[in-house]
Amino acid sequence: MNNKAKFNRYSTLLKEWSKRMNLVAPSTLDDIENRHFADSAQLSDVLPKDAHIIDLGSGAGFPGVVLAILGWQVVCIESIGKKVAFLTAVKEDLKLDNLTIYHGRVENYVSTLPHDKKIVFTARAFAPLIKIMDYVAQTRMPLFLLKGREISAEIEEAFKKYNFDYELIPSKTGDGYIIIIKKYR
């Protein structure tokens with residue numbers, strides 16, 4: 001199955017499963033390709049090609065599953081069982097051997113990370129920036145986050161606790177941003 005076929009099948013699964021559970025806002029189901037797929041895929045322009053991705057609070061798989069379809073090694077972390085069931089069904093249906101689904105809390109997974117791999121964290125619609133940094137600060141691994149238009153307030157709040165350098169890139173698909181944080185302390 002090529003990537004176009006995988007995205008088509010992913011869209012179908014998302015619509016089918018969304019009839020039974022709240023995976024994404026119902027208003028976005030008519031524009032899955034732009035609202036979810038293209039929004040998530042824009043990270044491919046800035047992610048290191050050899051990185052192992054850990055997607056925090058994956059939900060319906062954004063951006064984690066999208067990045068796995070595009071070829072990255074991805075771990076999707078999700079604590080809600082029904083969303084884990086959806087992610088597992090997508091992984092199996094699309095035959096994504098480069099995708100691992102972790103059913104549990106972010107802080108539990110992060111505490112077990114190996115230090116010999118080039119790991120980066122991604123997230124979309126997961127938590128405020130300061131909370132994400134609290135989860136991963138001890139790893140010192142880079143963050144590539146899709147955030148909304150209120151990112152300035154989140155950055156200001158995070159600076160109260162952390163020192164960090166960041167790059168802000170306007171979203172190609174909406175009024176949000178990609179924030180890249182490579183060094184924080």
Side-chain angles (χ1 to χ4, degrees), residues 3 7 24 28 32-79 87 96 98-102 105-185:
N3 283 358
F7 280 114
V24 296
T28 67
I32 292 171
E33 188 168 308
N34 184 59
R35 182 66 184 95
H36 299 295
F37 296 164
D39 189 51
S40 296
Q42 68 182 316
L43 284 175
S44 66
D45 295 337
V46 295
L47 283 167
K49 299 298 180 205
D50 59 344
H52 288 74
I53 294 169
I54 299 175
D55 188 41
L56 308 172
S58 297
F62 306 117
V65 171
V66 171
L67 296 171
I69 291 171
L70 295 175
W72 273 271
Q73 290 289 326
V74 178
V75 175
C76 284
I77 301 175
E78 180 53 55
S79 65
L87 292 169
L96 294 173
N98 58 328
L99 177 64
T100 301
I101 311 301
Y102 175 81
R105 299 191 51 80
V106 166
E107 58 270 31
N108 295 339
Y109 186 84
V110 168
S111 69
T112 67
L113 283 177
H115 296 284
D116 60 342
K117 290 184 179 176
K118 185 173 188 174
I119 294 173
V120 300
F121 294 103
T122 61
R124 177 178 181 250
F126 171 57
L129 178 59
I130 194 166
K131 188 75 168 167
I132 292 171
M133 293 179 82
D134 286 344
Y135 284 136
V136 304
Q138 78 270 16
T139 71
R140 303 285 190 254
M141 294 174 187
L143 299 164
F144 292 80
L145 309 174
L146 294 161
K147 300 298 280 177
R149 63 180 169 256
E150 303 299 323
I151 187 60
S152 296
E154 290 189 40
I155 292 169
E156 187 177 314
E157 186 66 23
F159 269 134
K160 292 177 182 176
K161 186 172 184 180
Y162 296 100
N163 290 319
F164 57 96
D165 300 323
Y166 69 94
E167 180 180 357
L168 214 51
I169 302 167
S171 173
K172 295 177 181 177
T173 62
D175 56 2
Y177 296 89
I178 296 171
I179 184 169
I180 301 169
I181 300 174
K182 293 186 178 173
K183 294 184 180 182
Y184 47 100
R185 52 222 163 264

field: Min side-chain heavy-atom separation Ile32-Val24 under 4.5 Å
entry: no
- request: Can you see which heavy atom on Ser40 is nearest to which on Phe62, and at what distance?
  value: OG-CB, 3.4 Å
field: Atom pair CG/CG of Leu70 and Asn98 - distance to nearest 0.5 Å
entry: 10.0 Å
Pair listing, side-chain hydrogen bond (donor to acceptor under 3.5 Å, both in side chains) test, anchored in residues 140-153, at least two apart: Lys147-Glu154, Arg149-Asp175
field: Step-by-step side chain to side chain contact (heavy atoms under 4.5 Å, CB included) determination, His36 to Phe7
entry: CA-CA 11 Å; His36 299 295; Phe7 280 114; over 6 Å; no
field: Contacts of Lys161 that satisfy salt bridge (Lys or Arg N to Asp or Glu O under 4.0 Å) - sequence neighbours left out
entry: Asp134
message: Enumerate the side-chain hydrogen bond (donor to acceptor under 3.5 Å, both in side chains) contacts for residues 57-72, please, sequence neighbours excluded, ordered by first and then second residue.
response: Asp55-Ser58
- prompt: What closest approach, in Å, do Leu87 and Ala60 show between heavy atoms, and which atom pair accounts for it?
  reply: CD2-C, 3.8 Å
query: To the nearest 0.5 Å, how far apart are OG1 in Thr100 and CD1 in Ile53?
result: 12.0 Å
message: Evaluate Leu43 against Ile178 for side chain to side chain contact (heavy atoms under 4.5 Å, CB included), listing each step before the verdict.
response: CA-CA 8 Å; Leu43 284 175; Ile178 296 171; 3.9 Å; yes
- prompt: Just how far is it from atom CZ of Phe144 to atom CD1 of Ile181, taken to the nearest 0.5 Å?
  reply: 10.5 Å
statement: Residues passing the ring pair (Phe, Tyr, Trp, His ring centres under 6.0 Å) test with Tyr184, sequence neighbours excluded, are none
query: Is the number of heavy atoms from other residues, nucleotides or ligands under 6.0 Å of Glu107 CD greater than 12?
result: yes
- request: Using salt bridge (Lys or Arg N to Asp or Glu O under 4.0 Å) as the criterion, list what pairs up with Lys183, not counting sequence neighbours.
  value: none
- prompt: Quick one: ring pair (Phe, Tyr, Trp, His ring centres under 6.0 Å) partners of Tyr102, sequence neighbours excluded?
  reply: Tyr109
- line: Sorted by chain and residue number, the ring pair (Phe, Tyr, Trp, His ring centres under 6.0 Å) partners of Tyr162 (sequence neighbours excluded) come out as none
query: Between atom CG of Leu56 and atom NZ of Lys131, what is the distance when rounded to the nearest 0.5 Å?
result: 12.5 Å
query: Considering all heavy atoms of both residues, which atom of Pro63 and which atom of Ala123 are nearest to each other, and what is their separation?
result: CD-C, 4.1 Å
- line: With sequence neighbours left out, the residues meeting side chain to side chain contact (heavy atoms under 4.5 Å, CB included) with Ser171 are Asp39, Gln42, Thr173
- prompt: Partners of Glu167 by salt bridge (Lys or Arg N to Asp or Glu O under 4.0 Å), sequence neighbours excluded?
  reply: none
query: Hey, does Thr139 have a side-chain heavy atom less than 4.5 Å from the side chain of Ile119?
result: no
- request: First locate atom CD1 of Ile101, then atom CD1 of Ile77, and finally report the distance between them rounded to the nearest 0.5 Å.
  value: 10.5 Å
field: Chi angles and distances behind the side chain to side chain contact (heavy atoms under 4.5 Å, CB included) call for Val46, Ile169
entry: CA-CA 10 Å; Val46 295; Ile169 302 167; 3.7 Å; yes
Residues in side-chain hydrogen bond (donor to acceptor under 3.5 Å, both in side chains) contact with Glu156, at least two apart in sequence or another chain: none
Contacts of Ala158 that satisfy side chain to side chain contact (heavy atoms under 4.5 Å, CB included) - sequence neighbours left out: Leu129, Ile130, Met133, Phe164
- prompt: Can you tell me how far CD1 of Ile151 sits from CG of Leu146, rounded to the nearest 0.5 angstrom?
  reply: 10.5 Å
Donor-acceptor under 3.5 Å (Glu78 side chain, Gly59 main chain): yes
Side chain to side chain contact (heavy atoms under 4.5 Å, CB included) partners of Asp45, counting only residues at least two apart: Lys172
query: Can Phe121 and Phe126 be said to form a side chain to side chain contact (heavy atoms under 4.5 Å, CB included), step by step?
result: CA-CA 12 Å; Phe121 294 103; Phe126 171 57; over 6 Å; no
